[in-house]
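Predicted model only: the values in this text are computed from it and were never measured.
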Amino acid sequence: MSFDQVSVKVRAGVQGWLAGTTLGAPFDGKPDWRSIAFYTPIPDGVADTLPVLAARAYLGRAKDQYGLCDLYAEIPLVEDAQRFALANLSRGLRAPLSGSFENPFAGDGGAMGRGPFWGLLFAGRPDLAAAWAWHDATIDHSGEGVWAACFWAAAVAAAPFAGSISECLQIGEGVLPSDSELRKVSPAMIQAWQGGRTWQDAREIALRWGGGKLPDEAVATHAFALIGCLFGDGDFGRTVCLAAGCGGRSVSAGGCAGAVLAAGTGAVPSDWVLDSGGFEEKLVGRFEVLGRGFLDGLASQEAAPVEENVEGGGSEEPPAEKSVDLSFLRSTESIARLHRQPMSLSLQAVGELVAGFRFPDGVVSDFGKPLAIGFRIENPGDVPVEVLPEIFGSDGVSVAHRAGRIRVEAFGVANIAAVASGDDGFVSMRLEGGEVRAPILRPQVWWTVGPFDNREQEGYDKAFAPEREMKPHAVLSGRSAMAMRWERRIYDGCLFDVESLFVNAPGVIYLATEARFEIDDEVTLVVASPVGQVVWIDGEKRNWYQDTHRPVPRPEEPYAVTFSPKEWTRFLVKLTRNQQPVQPTTIYFIGSDGRLVFPAEFRVPDDER
C-alpha cells in the first residue's frame with residue numbers, strides 16, 4: 001500500500017471519528033438507549049467534546065508522553081473524570097496517579113474516545129499508538145478506563161492495513177493485559193451477533209456482564225462500540241448510530257466505531273463529513289510528517305482491498321479476506337512494560353530520565369503526622385547513568401532520607417525512601433535535568449457516630465440524637481443499646497468507605513463536620529450514597545432520598561445541593577444500610593466554575609461553642 005493510499009484512509013478515519021463523537025455529544029452520559037438516524041440537531045461543525053479538545057491541545061505540541069499532563073491542564077472543563085484529574089494535577093499529582101487517586105469516574109469510558117486520535121496519528125504502529133493512549137488516558141482514568149483507550153488506539157492504527165474489522169479487534173486485544181475484562185467482552189458481542197441476536201440483546205448482555213455494569217463504564221462503552229461495528233453491516237451511518245445510541249459514553253462509542261470503520265474502508269459518506277475548522281487537515285498533515293519514514297519502508301507490501309467489513313445478523317463467520325502479513329502491526333513490546341507500571345506513581349520526564357514518586361502508606365497525611373514518600377528514577381536508555389539526587393523540603397517541612405550517588409542501570413529503576421513531617425508544603429527531589437515535587441496533601445476530616453437501628457428499614461425516617469443536637473463528647477445509645485461517641489476520621493479524598501461503620505448489619509450512621517472555605521462564591525456539595533441519605537447544611541434539611549442503586553456521582557439531582565459558605569459551615573449527613581454491604585459514599589465540593597473546591601480547614605461541630 002502506498003503512502004498516499006494510507007493517507008487517504010487516515011483522512012477518512014479522522015472524518016469518521018469526528019462524525020461519531022459529534023453524533024454522540026447530545027446524548028453523552030444519558031443511561032438509556034435511543035434510536036438515532038442522523039445528527040440531532042444538525043451541527044454547524046465538529047462538537048467541542050473532550051476527545052476533540054484534547055486532540056487540539058496535544059497536536060503538534062506534545063514533546064514527550066510525560067508532557068501530556070501539562071497540555072491536558074489547559075483544556076476547558078467539560079467532563080466528570082476530568083474534574084478530578086484537573087484537581088489532582090493542580091495539587092501536584094501527575095499521571096498515572098492523577099487519574100487513579102480518589103476519582104469516582106476513573107473506570108468510565110471517557111478516555112476511550114481519545115484512543116482513535118492516537119491511532120490515526122500513528123497509523124500502522126499500534127504499539128506506539130497504544131503507548132501514547134496509555135499516557136493520555138492515565139491522566140484522568142485508571143484500570144479498564146485506560147485499557148479501553150489503548151485497545152481502540154491500536155485497532156484504529158491497524159485499520160488502514162487490516163482486511164477486516166475482526167483483524168482490527170484482534171490487534172486491539174493484543175495490547176490488553178491478560179486479566180482485562182475487555183478481553184472477554186469482545187467474544188460475547190461477536191457471539192451475540194453471530195447468533196442472530198438483536199443489537200438491543202447484545203447491549204443487555206454487556207450491561208449484565210460481571211455482575212452488572214453502568215452504561216458509563218469503560219467495559220460497557222467498549223461493548224457499545226463493538227455493537228456498532230458488528231451490527232452496522234459495514235454501513236457508516238448505521239454503525240455510528242448504533243454505537244452512539246446505546247447510551248452512556250456515546251461520544252466515545254460513536255467516535256471509536258466511526259474511526260475504525262472509516263479508516264478501514266477509506267471513505268465516509270459526504271453528508272456525514274463535518275467542518276472541522278482546519279483540524280482535519282492539521283491532523284492528517286501531522287500523520288504525514290510522523291508516518292512517512294516508517295510507512296515508506298512498508299510500501300513494497302501490497303495491501304488487500306478493504307470491502308464491507310462486517311455482515312450482521314447471521315450465524316456464519318464473514319468470508320475470509322486476503323490481507324497482507326500483519327506481523328508488523330503486532331509488536332507490543334512497549335505496551336508490555338506498561339502492563340507492569342503501577343497506577344500509584346506520579347511521573348515526569350527529567351532530562352533523559354523519568355522521575356517521580358509514590359506514597360506507600362497513603363497519599364494524604366493527617367496533620368502533624370509523618371508522610372512516607374517513595375521517590376523513583378527510571379532510566380529508559382540503553383546506557384547506565386549515575387545520579388546524585390538532592391532531596392529537601394519546603395519551608396516548615398523536614399525530610400529524612402539516605403539518598404546518595406546512585407547508578408541506574410540501562411532500562412533500570414532506582415527507588416529512594418523518604419519520610420516527611422510538616423503541615424503543608426512539598427518534598428523535592430532535584431536531579432541534574434530538573435526537579436520532582438511530592439506535595440503534602442491534607443485529608444477531609446469528619447466526625448462519625450453509629451450505627452443506630454435500621455430494622456425493617458425504619459431508620460431512614462426516624463430522627464436519632466444527632467439530628468436533635470450536636471455534642472461531640474456526649475455518650476449516645478445506638479443499635480442494641482450500644483454506647484457510642486463521636487469519633488474523628490480522615491478520608492483521603494471524596495471516596496468514603498463507610499461499610500465498616502455499620503458493623504456487618506443494617507443500620508444508620510451520621511457524619512458531621514464544620515468547614516471553612518477561602519472563597520466568597522457559592523459552593524455545591526455532592527453526596528452520593530448507594531442506599532439512602534439525608535443532608536443538613538447549617539441545620540437546614542437540604543437533600544434526601546431513599547433508593548438502593550449504584551450512584552453516578554455527578555453534581556446534579558439527587559446528589560447535589562448549593563449553598564453560600566459562612567465563616568464556618570456545618571454539615572450533617574445521615575447514611576443508611578440495609579441487609580447488603582454498601583459501596584463507598586462519594587462526598588466532594590465544587591465551585592461555581594465546576595472545579596473541585598477543598599475546604600481550608602475542618603473542625604468538630606459543637607452546639608456549645
Side-chain angles (χ1 to χ4, degrees), residues 64-67 69-70 73 85 87-103 135 138-139 142 337-338 340-381 384-445 490-493 598:
D64 61 71
Q65 295 166 334
Y66 297 96
C69 286
D70 302 309
N88 287 334
L89 291 171
S90 70
R91 300 171 83 189
L93 305 180
R94 299 174 70 89
L97 184 57
S98 60
S100 63
F101 175 63
E102 292 294 307
N103 182 354
H135 284 275
T138 54
I139 299 173
S142 65
R337 291 195 296 269
L338 297 178
R340 301 186 293 270
Q341 189 75 284
M343 294 288 184
S344 58
L345 289 166
S346 174
L347 297 171
Q348 67 188 74
V350 179
E352 299 300 318
L353 303 173
V354 175
F357 55 85
R358 59 187 293 266
F359 300 96
D361 301 326
V363 174
V364 304
S365 171
D366 200 356
F367 299 85
K369 295 184 178 180
L371 176 67
I373 303 172
F375 285 104
R376 180 182 179 98
I377 304 171
E378 299 179 3
N379 177 13
V385 297
E386 285 197 357
V387 295
L388 181 61
E390 178 186 359
I391 297 177
F392 57 94
S394 59
D395 290 345
V397 176
S398 60
V399 187
H401 65 90
R402 294 182 176 178
R405 185 172 295 277
I406 301 172
R407 177 184 171 89
V408 188
E409 300 296 335
F411 308 111
V413 174
N415 295 295
I416 304 168
V419 177
S421 297
D423 285 342
D424 287 296
F426 56 86
V427 177
S428 287
M429 177 178 68
R430 183 176 294 158
L431 301 171
E432 184 176 346
E435 183 176 314
V436 172
R437 288 186 175 184
I440 298 177
L441 303 181
R442 295 307 176 197
Q444 288 205 52
V445 184
I490 66 170
Y491 295 95
D492 282 1
F598 300 95

Quiz item: Does some side-chain heavy atom of I377 sit less than 4.5 Å from a side-chain heavy atom of M429?
Solution: yes

Exercise. Hey, could you give me the CZ/CG distance between F375 and L431, rounded to the nearest 0.5 Å?
Key: 9.5 Å

Quiz item: More than 12 non-hydrogen atoms from neighbouring residues, nucleotides or ligands closer than 6.0 Å to CD on E435, yes or no?
Solution: yes

Quiz item: Which atom pair, heavy atoms only, marks the closest approach of G425 to S394?
Solution: CA-OG, 3.3 Å

Quiz item: How long is the span from the CZ atom in R430 to the CZ atom in R437, to the nearest 0.5 Å?
Solution: 8.5 Å

Practice problem: May I have the step-by-step check of side-chain contact (heavy atoms from CB on, under 4.5 Å) for I490 and R442, ending in yes or no? | Solution: CA-CA 9 Å; I490 66 170; R442 295 307 176 197; over 6 Å; no

Self-check item: Side chains of R358 and S346 in contact at under 4.5 Å (non-hydrogen atoms)
Solution: no

Quiz prompt | Considering all heavy atoms, the nearest P342-P96 contact | solution = O-CG, 3.5 Å

Quiz item: Minimum heavy-atom separation for P360 to G374, with atom names?
Solution: CD-N, 3.9 Å

Exercise. Step through the shown structure and confirm whether more than 12 heavy atoms of other residues, nucleotides or ligands are within 6.0 Å of CD on E409.
Key: yes

Quiz item: Which atom names give the shortest non-hydrogen contact between A403 and P389, and what distance separates them?
Solution: CB-CG, 4.2 Å

Quiz prompt | Exceeds 12 heavy-atom contacts within 6.0 angstrom, atom CG of D64 | solution = yes

Exercise. Would you check if M343 and T138 make a side-chain contact, meaning some heavy-atom pair closer than 4.5 Å?
Key: yes

Practice problem: Taking the side chain as every heavy atom from C-beta outward, state whether L338 and H135 have any pair of such atoms under 4.5 Å apart. | Solution: yes

Quiz item: Any idea which heavy atoms bring D361 and A372 closest together, and the distance?
Solution: OD2-CB, 3.5 Å

Self-check item: Verdict with reasoning, I406 to I416, per side-chain contact (heavy atoms from CB on, under 4.5 Å)
Solution: CA-CA 10 Å; I406 301 172; I416 304 168; 3.5 Å; yes

Practice problem: Go through the steps to decide whether L347 and E378 satisfy the test side-chain contact (heavy atoms from CB on, under 4.5 Å), and finish with yes or no. | Solution: CA-CA 10 Å; L347 297 171; E378 299 179 3; 4.1 Å; yes

Quiz item: So L89 and I139, side-chain contact (heavy atoms from CB on, under 4.5 Å) or not? Walk me through it.
Solution: CA-CA 9 Å; L89 291 171; I139 299 173; 4.0 Å; yes

Practice problem: Find the distance between SG (C69) and CZ (R94) and round it off to the nearest 0.5 Å. | Solution: 4.5 Å

Quiz item: What distance separates F411 CZ from N379 CG, expressed to the nearest 0.5 Å?
Solution: 8.0 Å

Quiz item: With I440, which of V397, V363, V364 fulfils side chain to side chain contact (heavy atoms under 4.5 Å, CB included)?
Solution: V397

Self-check item: 4.5 Å side-chain heavy-atom contact, F359 and L93
Solution: yes

Exercise. Kindly indicate whether the side chain of Q348, heavy atoms from C-beta on, has any atom under 4.5 Å from the side chain of V350.
Key: yes

Quiz item: Within a strict 4.5 Å, meaning less than it, do heavy atoms of the N88 and L97 side chains meet?
Solution: no

Practice problem: Over all heavy atoms of both residues, which pair between S142 and S100 is shortest? Give the atoms and the distance, please. | Solution: CB-CB, 3.8 Å

Practice problem: Look up atom CD in E390 and atom NE2 in H401, then write down how far apart they are to the nearest 0.5 Å. | Solution: 8.5 Å

Quiz item: Taking the six-membered ring of F598, is NZ or CZ of R91 closer than 6.0 Å to its centre and within 45° of its axis?
Solution: yes

